[in-house]
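Structure first, then comments.
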Amino acid sequence: MTVSPRRNRPRRDDNANLDADRVRQGVASVQQWTDGAWQVRGIGAGASVKTYRCPGCNQEIRPGVAHLVAWPADGLGDLTDRRHWHSGCWRARDRRGPAVQRGRGAPRY
């Protein structure tokens, strides 16, 4: 007769405490910057399904690329105040100037 070893840890239902929205969208945190407080939420590669334009570098954030979303933490804004950023652009935003959008015929200096 074979006896299996006793399990010392109680069994848990690992899926019981998972909130599907929090797993998919990440958890928002408040970050202080020189221009105020911002709510920041990381977006995983699996949850990124649309193309966005990063305000830091003016380049596209393609579907399937992990990035973050930031919006003012003062609570006065709405969904139109959210901006999708590359993670590196968000971290470097205090060290670089604003992205200047030029026309196709404008000189680049």
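The first residue of the sequence shown is numbered 1, and numbering continues consecutively from there. Just so you know, these numbers come straight off a predicted model, no measurement behind them.
Residues T51 and I61 fail the side-chain proximity criterion, which asks for heavy atoms closer than 4.5 Å. Contact of the W90 side chain with the V40 side chain is registered, since non-hydrogen atoms from C-beta on lie closer than 4.5 Å.
Taking the ring centroids of H67 and H86, they lie at or beyond the 6.0 Å cut-off.
With values rounded to the nearest 0.5 angstrom, S48 atom OG is found 11.5 Å from R62 atom CZ. For the atom pair CH2 of W38 and CG of L68, the computed distance is 11.5 Å after rounding to the nearest 0.5 Å. The structure places CD of E60 at 5.0 Å from CZ of R53, a figure rounded to the nearest 0.5 Å. The distance from atom CH2 of W85 to atom CD1 of I43, rounded to the nearest 0.5 Å, is 15.5 Å. To the nearest 0.5 Å, atoms CZ (R93) and SG (C54) are separated by 10.5 Å.
A cation-pi contact, defined as under 6.0 Å to the ring centre and within 45° of the axis, is absent between R83 and W71.
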